[in-house]
Chemist: 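First the structure, then my questions, so here it is.
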2 protein chains.
Amino acid sequence: METRELRYFVTVAEELHFGRAAQRLGITQPPLSRAIHQLERRLGAALLDRTSRTVTLTEAGTVLLAEGRAVLEAVEAAERRTRRAALPPTGRPGLVLVTKASASRELLAKLLDAYAAEPAAVPIDVTLCGPAEQERLLREGRADVALLHRPFDSTAGFHTEELSTEGQVVVLPAGHPLTVRPHVHMADVSGLPGLPLPRWPEPDGTYPPGPGPQVRDHAQLLQLVALGRACAVSPESCRTQLPDDLAAVPVLDAPKVTTVIAWPPHSRSRAVADLVRTATSLR
Amino acid sequence: METRELRYFVTVAEELHFGRAAQRLGITQPPLSRAIHQLERRLGAALLDRTSRTVTLTEAGTVLLAEGRAVLEAVEAAERRTRRAALPPTGRPGLVLVTKASASRELLAKLLDAYAAEPAAVPIDVTLCGPAEQERLLREGRADVALLHRPFDSTAGFHTEELSTEGQVVVLPAGHPLTVRPHVHMADVSGLPGLPLPRWPEPDGTYPPGPGPQVRDHAQLLQLVALGRACAVSPESCRTQLPDDLAAVPVLDAPKVTTVIAWPPHSRSRAVADLVRTATSLR
DNA sequence: CCGGATCAATACCTGGAAGGTATCGTTGCC
DNA sequence: GGCAACGATACCTTCCAGGTATTGATCCGG
């Protein structure tokens, strides 16, 4: 299977219309029909059910659509990573690390310091972004390593090493009645009047329905908490970054949060390997 | 990048010799040279350093070798999964599940029973194989789901859900002095005279150096323990399958073993999704 | 029920690229 | 210094990707 055939098939499968697919691909319809036929013949499998009016995916076509998208993504990532590896060493970031703005600064600082002391250390670019972004950057080959937080972030498809585990706290406006308690439970915070838990975007960018404000990043969230419009359940390491007008109380039965260092499989370069080793030896 | 170009490059990178690579590819050397040049031109990156005597990989070439292999594997898996999805439903296994022969029969039986009760259940083929095999089958698209054991098996690159966690026991010949103890520690069993811990093969099929017999599967291992040539540290669920001539003693400080259900990303079919849901609801 | 519109398939042609053969230029080595 | 090994280059041929024109089937409005 050539990537060209896969691109053709994925496009047709997405459009379910040969004419539009051909237009998107910048070719005409007849060669596209032929290419799909040839692909079906070679696979020995019907991928599309076509009448002269409608096109639908067969079971096999559904499988190939998912697989094909993954392959095409992998090809693009391969190109990008290869190109980046070829840039002249001067000016090229040795490694790109992505993490959330809300991640523990302490852990990150310790990691960067320890790695910088390595004999073969290369410069590290740190990119801060939201959770959905991280995964995408890593998958697309624009970043080399990420610090992710289980169970919130999906680590599917990556190699990971656990770095640390911590409990969670609920972040409240200073002076809130709950802040005098030494600790609380999820039941205490899930239905606070006037202080709903916020909604985070799904991987596809949409928000789940429900009450609670929509937030994109941690700064927005803290702002909302300070304004008394929401409360937040966050890893306890965020306490060191809280302004005076916010308070945090441990939530005993909140799921533990594990910070992991993640990197794409198959691309464990010397630098990534060194960084991962440094990270795990910090533990 | 076309998969043909990737196949060419990966072959040359493996052989580090255009002539041999061309032979392996079933073409002649000149088109191969040209194809690699064209790939380099399009990527804007030198992949190989060639003198008229030697060929070596550049940094970018090393990256593309790793990435390219992954892409080619993904393409092959995509073909296989598509072909399997196209087989006539009769006779085709709905799902192929791989697990180790040593895995808990209880858990597996419960899972299969519970899934069979689902309204949309499809027949399940169970394949038993060694740990290294499992990963390969799943990655190559010959299997749909696997029961893996962390931290022994690598779950990198797969989606997983945790099913159960258990401690480990040391398996000894019946009558061994340690068998009278209610529990032991790793230190007690790591240096038992005449009963070394066995060596398992690495993913590449080689064995790490050291004392202890080489084993490929659990049956071999139990045989060796029964013969008094080794002892084994195994998940405690194996106790239900022990013959009379073997005894097991809990090892308090052995790492906990987590059984996870794993499946390849991007191919979460209806049947796999159902099975995973069934598995997690058993918990 | 008919004619037009829509859309995939087919027929046929052309240019370019993939692959082959022959040869050259460089380099290591006896 | 001459030979052998090996990648690059030159040149040719074949085949296939892609284009244009057309057919054939289906839906729809009148």
Chemist: Expressed as a whole number of angstroms, how long is the span from B:Leu16:CG to D:dG7:C1'?
Modeler: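 Checked: the CG to C1' distance equals 14 Å.
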
Chemist: I need the CG-P distance between B:Leu32 and D:dT9, as an integer number of Å.
Modeler: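 Distance, rounded to whole Å: 14 Å.
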
Chemist: Can we say B:Arg83 and B:Glu79 salt-bridge, meaning some charged N sits less than 4.0 Å from an Asp/Glu carboxylate O?
Modeler: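 Salt bridge: yes.
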
Chemist: Taking everything shown except B:Gln23 itself, do over 12 heavy atoms lie less than 6.0 Å from its CD?
Modeler: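 Atom CD in B:Gln23 is not packed in, count stays at 12 or less.
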
Chemist: Nearest-Å distance, CG (B:Leu48) to C1' (D:dG7)?
Modeler: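 Atom CG in B:Leu48 sits about 11 Å away from atom C1' in D:dG7.
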
Chemist: Between A:Glu2 (CD) and C:dA17 (P), how many Å, whole number?
Modeler: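 Between P of C:dA17 and CD of A:Glu2: 15 Å.
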
Chemist: In whole Å, I'd like the distance from the CD1 atom of A:Ile36 to the P atom of C:dC7.
Modeler: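 Rounding to the nearest Å, CD1 of A:Ile36 and P of C:dC7 are 17 Å apart.
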
Chemist: Check whether any side-chain N or O of A:Ser33 sits under 4.0 Å from OP1 or OP2 of C:dA8, and answer yes or no.
Modeler: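 So the side-chain polar atoms of A:Ser33 never come under 4.0 Å of the phosphate oxygens OP1 or OP2 of C:dA8.
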
Chemist: For nucleotides 15-25 of chain D, give me one character per nucleotide, 5' to 3': B if any protein heavy atom sits under 4.0 Å from the base, S if the only such contacts are to the sugar-phosphate, - if neither.
Modeler: --BBBBB---B

Chemist: Take the protein atom NE2 of B:His37 and the nucleotide atom P of C:dA18, then report the distance between them rounded to whole Å.
Modeler: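 Going from NE2 in B:His37 over to P in C:dA18 covers 15 Å.
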
Chemist: What's the shortest heavy-atom distance between A:Glu5 and A:Glu2, and which atoms?
Modeler: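 What the structure gives for the nearest pair is OE1-N, 2.9 Å.
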
Chemist: Does A:Glu161 use its side chain to pair, donor to acceptor, with the backbone of A:Ile261 at less than 3.5 Å?
Modeler: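 No; zero donor-acceptor contacts below 3.5 Å.
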
Chemist: Looking only at the side chains, is there a donor atom on one of B:Glu15 and B:Thr11 sitting less than 3.5 Å from an acceptor on the other?
Modeler: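 No, no side-chain donor-acceptor contact under 3.5 Å.
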
Chemist: Determine whether B:Trp263 and B:Leu97 make a side-chain contact, defined as any pair of heavy atoms from C-beta on separated by less than 4.5 Å.
Modeler: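 No, too far: nothing below the 4.5 Å cut-off.
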
Chemist: Measure NE2/A:His17 against C1'/C:dA5 and give the value in whole Å, please.
Modeler: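 Taking NE2 of A:His17 and C1' of C:dA5, I get 12 Å after rounding.
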
Chemist: Under 4.0 Å between a side-chain N or O of B:Arg50 and OP1 or OP2 of D:dA8?
Modeler: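 So the side chain of B:Arg50 is within the cut-off, an N or O lying under 4.0 Å from OP1 or OP2 of D:dA8.
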
